[in-house]
Undergrad: 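Okay, here's the structure, questions in a sec.
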Amino acid sequence: MTKNLVIVESPAKAKTIGGFLGKDFTVKSCMGHVADLSKKGLGVDIENGFIPRYIVSPEKKKIVSELKKLALDSEWVWLASDEDREGEAIAWHLAETLGLDEKKTKRIAFHEITRSAIQEAIESPRGIDKNLVNAQQARRVLDRLVGFELSPLLWKKIKPSLSAGRVQSVAVRLIVEREEEIKNFQSASAFRITAEFQVKNGEKTAGFKAELNKRFSTKEQAVDFLEKCRLTAYVIEDIDTRPAKKTPAPPFTTSTLQQEASRKLGFSVSNTMRIAQALYESGKITYMRTDSVNLSDLALSMSHREIAESFGEPYVKIRKFSTKTKGAQEAHEAIRPTALSVKTIEGDKSQKRLYELIWKRTIASQMADAELEKTNVVIGIDNSTEKFIAKGEVMKFDGFLKVYMESKDEDEQNGEEGMLPPMVIGEKPTLLEMVAQEKFTQQPYRYTEATLVKKLEELGIGRPSTYAPIISTIQKREYVIKEDRPGFSRSFIQIILKNNTLKEEHKTENTGFEKAKLFPTDIGTLVNSFLTRHFGNILEYNFTANVEEEFDEIAEGKLVWNEMIREFYQPFHKQIENALENSGKVSGEKLLGTDPQTGVNVFVKIGRYGPMVQMGNTDSETKPRFASLKKGQSLETISLTEALDLFKLPRVAGEYESSEVVISTGRFGPYVRHQSAFYTLPKEDDPLTVTLERAVEVIVNKRQADSQKILHEFLDGKDLIRVINGRFGAYITYNKENYKIPRGKDPKTLTLEACKTIIANTEPSKSKSKKKK
DNA sequence: CAGTGAGCGAGCTTCCGCTTGACTT
């Protein structure tokens, strides 16, 4: 009999809290939500007031039955899920599914994981806040209705297995529209004038750089200006020095951690979360899914001590940050080291780097401002009204910059400012060199995973626990692809004035190179245009922000949740019906041209299996031919020649071992087929041109690799038993079933007898791929 | 795993937000 059962959401939290509470308390975790809407149909009873049909989530059945037993045996059950909308719903679902007696159930929330905070929580229990639960039900039901009515519409109108939802569809829209902006972007150029001057400083001379306060739109204007500057004098007209300061960024939230890990360490969003999870589970950092920039009092005092010891008291400045994020729920602290005295940790390289980043960011957030002195120097030109401006920056006190400086995204970067030599008003600097360089306006930046997360957070769309999954969903659905794209070279003009002579040079620069950026696919673009046309309201960037306001009203008891849902659903469902009736199949079909040999039309469009080419009209007597587009090709950019090439496969490359060697390309890319076996063609080989010799090489290589995978091969009567070295370790295959080799047995020394014993005593591993087809 | 896109019709796909292991060949 346990006296007290405390249920929290995460096992790592359970462990820590268990340590604080002593033996009268058993602390268990429920691993998040234990109940969810049924997946059979909508899971919502539309006719009867949108009543949700909840079931215990299949993967939580074990946990629920275990908790049920413990709850029966306990005097008190403490529901200690997070103090936000989702946490309240988790508590309520626990109470319902465990069948808890209201009289022995208490709802508490920890504001931080410290002994005193937990004690405080235990002393002030409350009941479940049904209004907050209802706000969650509204959120959940709305997402289900939107997702499960929009997706099937896409299956009918575009292609099976597609998906749409309040969050993912807006994420895709952002990427599609950014690409549109880039496509429509007109690059303009102007001549930027920079100059290098020299001043005398006693016996020594010192140089500095300045930029003209004007750009010239044509080369002629730039040349005219440089001509005028050829034989003139310059004078320092004004020197303006004023103090400035830089302040540190707040401690990490999930989204800012993802952004900085991407900029500074080059981590993908999911990689960052996986590493952070490991750090959390080993007790090194606080919880990694948070939207709060708040630090506990304990963290503040630890920071104070650490900074004072390492850098001295003048570097300490304790700050309280407050969140500016729309819809933040702040159920946790900011992400920080659990012990701020620990600067580096044990672990693998990426764990060390991420930890160090978190440590620096946390410490810097509690350090003094950096104090600077900014100087602006105006340089007049004797025969012109234009002015050169030189900018300088001197650091007077480094403050938090001693530890950490937040990186910027591409679109926020500006030039570096260095130190200026001493100079005085009236002084006449010597011109060393002046350069007029053609500069092009920058097209809008494509999103990276991390800048997309940043944008979603700004719009209040998605939550810390879903940023990484959203990014992966839109890629898995093939709405969006993350890839590198090569840049292109662009020529520009540069005119140099030096030693009183002008020289014009034509140079080239490489530009537009993209690394790990998000590009929309044909399907993404097509789905987006369909959704924005028929469901403009839901695809609006502020749709989530608007419904969040209503959820807040429900949480305050000012609005009845299922009435809010009814108000939403009635017009929404009409939009669905309207789209069903008034839209035919959407394929994005485009006529590319005609086949020069037969004269029939060649189209590109989205088919059941993705982008494809069609040769011949659908309604003609002869059946049209079809071929899928290759990876990297798109409806928008494919040429007629490229499209016609796609019909050249499959082709027979020749004969090997008296069987045909066929080259073709399937769902998983180009392959070689020989004696009904498949051999994947490496990326560097072009299926259209690959030779028989090369194809045979591929076959032989694969056979050799396969033979090394077989550790043993036994013949048991007629049956073949093999020990194979697979991707996840060795296993036994017999009669088309696979068997795990028990721990402690060395696969290399297995005998036939040993294999037979294993087969007799082991359940065959079920493979997921079997149910396919 | 491996070209498939006629038409018929079965049965499947799908949302967002909480949370971790179990499992794969």
Side-chain angles (χ1 to χ4, degrees), chain A residues 8-13 29-37 39 42-43 57 59-60 63 81-82 84-87 89-90 93 136 139-155 159-169 277 280-281 287 289 329 331 461-467 469-470 473 477 544 587 605-614 618-619 623-628 646-647 649-650 662 664-673 676-680 709 724-733 738-740 765-769 771-773:
Chain A
V8 298
E9 290 182 39
S10 116
K13 203 168 166 180
S29 68
C30 66
M31 312 270 196
H33 277 293
V34 293
D36 191 18
L37 299 177
K39 285 195 161 201
L42 281 179
S57 311
E59 73 274 14
K60 302 290 167 54
I63 292 164
S81 47
D82 297 342
D84 59 10
R85 194 164 69 201
E86 298 296 328
I90 289 172
H93 284 141
Q136 193 274 347
R139 199 280 304 156
R140 182 68 192 92
V141 168
L142 180 119
D143 282 337
R144 170 55 68 87
L145 293 174
V146 170
F148 274 36
E149 293 213 356
L150 281 182
S151 302
L153 181 66
L154 296 181
W155 305 342
K159 160 176 146 54
S161 305
L162 294 176
S163 66
R166 171 177 62 83
V167 172
Q168 60 169 281
S169 297
Q277 175 88 27
Y280 168 66
E281 281 172 13
Y287 197 57
R289 291 188 275 264
Q329 312 212 353
I461 296 172
R463 303 276 315 129
S465 66
T466 60
Y467 294 136
I470 292 163
T473 299
R477 298 270 174 278
T544 290
S587 71
K605 62 181 185 184
I606 302 277
R608 210 145 73 84
Y609 307 101
M612 64 180 208
V613 211
Q614 176 181 328
T618 317
D619 51 10
K623 202 181 156 228
R625 293 177 63 203
F626 303 97
S628 290
L646 295 170
F647 290 103
L649 294 173
V662 180
S664 192
T665 154
R667 258 186 84 196
F668 308 103
Y671 63 89
V672 180
R673 196 175 73 232
S676 68
F678 292 91
Y679 305 87
T680 303
K709 274 189 194 152
I724 296 177
N725 204 1
R727 203 149 55 101
F728 308 105
Y731 62 100
I732 296 169
T733 169
N738 298 329
Y739 300 86
K740 250 173 130 165
S765 324
K766 39 196 175 297
S767 85
K768 274 185 185 166
S769 52
K771 66 177 181 206
K772 271 252 171 184
K773 198 168 149 192

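Heavy-atom basis, side chains included; hydrogens, waters and symmetry copies ignored. We name chains A, B, ... by the order of the sequence lines, and we start the count at 1 in each one.
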Undergrad: For A:Pro160, what residues pass the side-chain contact (heavy atoms from CB on, under 4.5 Å) criterion, not counting sequence neighbours?
TA: A:Arg608
Undergrad: Roughly how far apart, to the nearest Å, are B:dT25 and B:dA2 at atom P?
TA: 15 Å
Undergrad: With a non-hydrogen cut-off below 4.0 angstrom, is A:Gly610 in contact with a base, only sugar-phosphate, or nothing?
TA: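 Contact class for A:Gly610: base.
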Undergrad: Apply side-chain contact (heavy atoms from CB on, under 4.5 Å) to A:Thr544 and list each qualifying residue two or more places apart in sequence or on a separate chain.
TA: A:Arg166, A:Ile461, A:Glu548
Undergrad: Send over the distance from A:Lys159 NZ to B:dC12 C1', rounded to a whole Å.
TA: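 Interatomic distance, NZ of A:Lys159 to C1' of B:dC12: 14 Å.
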Undergrad: Mind calculating the distance between CD1 (A:Ile63) and P (B:dA22) to the nearest angstrom?
TA: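 In whole Å, B:dA22 P and A:Ile63 CD1 are 10 Å from each other.
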Undergrad: Mind calculating the distance between CG (A:Leu153) and C1' (B:dT13) to the nearest angstrom?
TA: 14 Å
Undergrad: Rounding to an integer number of Å, can you tell me how far A:Gln614 CD sits from B:dG5 C1'?
TA: 8 Å
Undergrad: Could you run through DNA chain B and flag its stems, i.e. three or more consecutive Watson-Crick or G-U pairs with both distances under 3.5 Å?
TA: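 Looking at DNA chain B, no stem of three or more consecutive pairs is formed.
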Undergrad: Using ring pair (Phe, Tyr, Trp, His ring centres under 6.0 Å) as the criterion, list what pairs up with A:Phe678, not counting sequence neighbours.
TA: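 In terms of ring pair (Phe, Tyr, Trp, His ring centres under 6.0 Å), with neighbours along the sequence ignored, A:Phe678 is linked to A:Tyr671.
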Undergrad: So, using ring pair (Phe, Tyr, Trp, His ring centres under 6.0 Å) as the criterion, who are the partners of A:Tyr467 when residues are at least two apart?
TA: none
Undergrad: Produce the list of close N/O pairs, under 3.5 Å, pairing protein atoms with atoms of nucleotides 8-11 of chain B; give distances to one decimal.
TA:
none

Undergrad: Do A:Ser81 side-chain atoms and A:Gly87 backbone N/O form a donor-acceptor pair below 3.5 Å?
TA: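 Checking the backbone N and O of A:Gly87 against the side chain of A:Ser81, a donor-acceptor pair under 3.5 Å is found.
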Undergrad: Who pairs with A:Tyr280 by ring pair (Phe, Tyr, Trp, His ring centres under 6.0 Å), at least two apart in sequence or on another chain?
TA: A:Tyr287
Undergrad: For A:Thr665, answer base if it contacts any base atom (sugar-phosphate contacts may also be present), sugar-phosphate if it contacts only those atoms, and nothing otherwise; contact means non-hydrogen atoms under 4.0 Å.
TA: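 The answer is base, as A:Thr665 lies within the cut-off (heavy atoms under 4.0 Å) of a base atom.
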Undergrad: Quick one: ring pair (Phe, Tyr, Trp, His ring centres under 6.0 Å) partners of A:Phe626, sequence neighbours excluded?
TA: none
Undergrad: Can you list everything that forms a side-chain hydrogen bond (donor to acceptor under 3.5 Å, both in side chains) with A:Lys60? Sequence neighbours excluded, please.
TA: none
Undergrad: Output all residues satisfying side-chain hydrogen bond (donor to acceptor under 3.5 Å, both in side chains) with A:Thr680, sequence neighbours left out; order by chain, then residue number.
TA: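 With sequence neighbours excluded, A:Thr680 shows a side-chain hydrogen bond (donor to acceptor under 3.5 Å, both in side chains) to no residue whatsoever.
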Undergrad: Please answer whether the main-chain N or O of A:Phe647 pairs with a side-chain N or O of A:Arg625 as donor and acceptor at a distance below 3.5 Å.
TA: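 Answer holds: yes.
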Undergrad: Please measure how far the P atom in B:dA22 lies from the corresponding atom in B:dC1, and state the result in whole Å.
TA: 25 Å
Undergrad: When every nucleotide of nucleotides 14-21 of chain B is labelled 5' to 3' by its protein contacts under 4.0 Å (heavy atoms), B for base, S for sugar-phosphate only, - for none, what sequence of letters results?
TA: BBBBBBS-
Undergrad: From CG of A:Leu646 over to C1' of B:dG5, roughly how many Å is that when rounded to an integer?
TA: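 Distance check: A:Leu646 CG to B:dG5 C1' gives 14 Å.
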Undergrad: What is the separation between atom CD1 on A:Ile732 and atom C1' on B:dT25, rounded to the nearest whole Å?
TA: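 Distance check: A:Ile732 CD1 to B:dT25 C1' gives 13 Å.
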Undergrad: What does A:Ser29 touch in the nucleic acid at a heavy-atom separation under 4.0 angstrom: a base, only the sugar-phosphate, or nothing?
TA: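 Answer is nothing: A:Ser29 stays at 4.0 Å or more from every strand.
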Undergrad: Kindly write out the residues that satisfy salt bridge (charged side-chain N to carboxylate O under 4.0 Å, His left out) with A:Lys605, not counting sequence neighbours, or none if the list is empty.
TA: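 With sequence neighbours excluded, A:Lys605 shows a salt bridge (charged side-chain N to carboxylate O under 4.0 Å, His left out) to A:Glu589, given in chain and number order.
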